[in-house]
Novice: 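If you scroll down you'll find the structure; I have some questions about it.
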Amino acid sequence: MIDTPRHQGLRNKLVIELKNKGISDAKVLSAIAAIPRHLLLESAFEPHAYQDKAFPIAAGQTISQPYTVAFQTGLLQVQKGDRILEIGTGSGYQAAIIHYLGGKVYTIERIKELYLKAKQNLSMINIRLKYMGYGDGYQGLPLYAPFDKIIVTAAAPYIPEALIQQLKPGGRLVIPVGKTTQEMKLIEKTEDGNIIESSHGLFRFVPMLKKKD
Ligand code: SAH
């Protein structure tokens, strides 16, 4: 598969659709216009790559809907050079969007097959993240902490304490919390270390997997 002017046209249409649905962050929209989502999906789903839908990737997991990716990215407020931890690499699409916006991306995936595939697909489109790991997101990434921003892209039953600890003062954590449906939570750590929590609507994600041991 390759990227073509036809794919670019479909991305431009997707951007208009997301604008109509209320996504207004120009930088986020420019990232959606730039990243070839079809190259991160199984080839069978290529015709659907630029619809605003979630799609199966492998191992029973899904690539998040573009609207959701745009919404979470907007809440994160990515600044150039931010160190950003993502829990749930999946297809690598969300990571590619953050990378495009100038974030230094550290990402963790719990399913080995997906970790390997995302690694391969991202290198194919010349996107080099700071770190891609096969591991358990509940632990965060202590070796590389602290982070300016943390984004969780699977449904968390609760907010893991490790993630709050690994957030810098002034940092932001965006995490969908809940069982059947999830409340999009934004956790802001103030400069003096206080925690401010706010809610940003209901979403539906695949569940965050428990650690094995
Ligand atoms: N950001 C992804 C969304 C993938 S769906 C994308 O843009 O495509 C959520 C992903 O989280 C799945 O790939 C799932 O395997 C992964 N995941 C689930 N539990 C996890 C955990 N405890 N640690 C790390 N990744 C996890």
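Indexing begins at 1, ligand by ligand and atom by atom, following the structure's order. Small disclaimer: the values here were computed from a predicted structure and weren't measured.
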Novice: Is a salt bridge present between Lys53 and Glu17, judged by a nitrogen-to-oxygen distance below 4.0 Å?
Specialist: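 Looking at Lys53 and Glu17, the cut-off is not met.
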Novice: Give the atoms of ligand 1, by number and element, whose distance to some non-hydrogen atom of Ile108 is under 4.0 Å.
Specialist: 24 (C), 25 (N)
Novice: Working to the nearest 0.5 angstrom, can you tell me the gap between Glu109 CD and Asp136 CG?
Specialist: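 Between Glu109 CD and Asp136 CG, I get 11.0 Å after rounding to 0.5 Å.
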Novice: Non-hydrogen atoms of Ala95 versus ligand 1: any pair closer than 4.0 Å?
Specialist: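 No.
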Novice: Between Gln61 (side chain only) and Ser91 (backbone N and O only), is there a donor and an acceptor less than 3.5 Å apart?
Specialist: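 The answer is no, because no donor-acceptor pair under 3.5 Å joins these two groups.
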Novice: Near Tyr138, which atoms of ligand 1 are under 4.0 Å from a heavy atom of that residue?
Specialist: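 Listed by number with element: 22 (N).
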Novice: Atom 4 (C) of ligand 1: which of Thr62, Leu40, Ile63 has the nearest heavy atom?
Specialist: Thr62
Novice: Test Arg37 against Tyr50 for side chain to side chain donor-acceptor pair (under 3.5 Å), laying out the working first.
Specialist: CA-CA 7 Å; Arg37 188 171 188 254; Tyr50 297 110; over 6 Å; no
Novice: Which ligand 1 atoms are under 4.0 Å away from a heavy-atom of Ile111?
Specialist: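 Counting atoms of ligand 1 from 1, those under 4.0 Å from Ile111 are 15 (O).
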Novice: For ligand 1, which atoms have a heavy atom of Gly135 less than 4.0 angstrom away?
Specialist: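 In order of numbering, the contacting atoms are 23 (N), 24 (C).
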Novice: Quick one: pull up NE2 in His7 and NE2 in His38 and give me the separation to the nearest 0.5 Å.
Specialist: 3.5 Å
Novice: Under a heavy-atom criterion of less than 4.0 Å, does Lys210 contact ligand 1?
Specialist: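 It does not; every heavy atom stays at 4.0 Å or beyond.
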Novice: Quick one: does any side-chain atom of Gln182 pair with a main-chain N or O of Lys179 as donor and acceptor, under 3.5 Å?
Specialist: yes
Novice: Could you list which atoms of ligand 1 come closer than 4.0 Å to a heavy atom of Ser91?
Specialist: 6 (C), 7 (O), 8 (O)
Novice: Touching ligand 1 at all, Thr89? Heavy atoms, strictly under 4.0 Å?
Specialist: yes
Novice: Can you list the ligand 1 atoms lying under 4.0 Å from a non-hydrogen atom of Val206?
Specialist: 5 (S), 9 (C)
Novice: I need the atoms of ligand 1 closer than 4.0 Å to a non-hydrogen atom of Gln94, numbered in the order shown.
Specialist: 1 (N), 7 (O)
Novice: Which of the atoms in ligand 1, numbered in the order shown and given with their element, are less than 4.0 Å from a heavy-atom of Ser64?
Specialist: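 This gives 3 (C) as the contact atoms.
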Novice: Are Leu202 and Ile23 in one and the same hydrophobic cluster, where Ile, Leu, Val, Met, Phe, Trp and Tyr link if side-chain heavy atoms are under 4.5 Å apart?
Specialist: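 Result: no, two separate clusters.
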Novice: Ligand 1 and Ile57, any nitrogen or oxygen pair closer than 3.5 angstrom?
Specialist: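 Ile57 vs ligand 1: no N/O contact under 3.5 Å.
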Novice: With backbone taken as N, CA, C and O and side chain as the heavy atoms from C-beta onward, which portion of Gln61 lies under 4.0 Å from ligand 1: side chain, backbone, both, or neither?
Specialist: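 It is the side chain that gets close, since no backbone atom is under 4.0 Å.
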Novice: Give a yes or no answer on whether the side chain of Gln166 reaches the backbone of Gln139 with a donor-acceptor pair at less than 3.5 Å.
Specialist: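 Yes; at least one donor-acceptor contact below 3.5 Å.
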Novice: For a quick test of reading the model, state the closest non-hydrogen atom pair linking Ala118 to Gly92 and the distance between them.
Specialist: CB-N, 4.3 Å
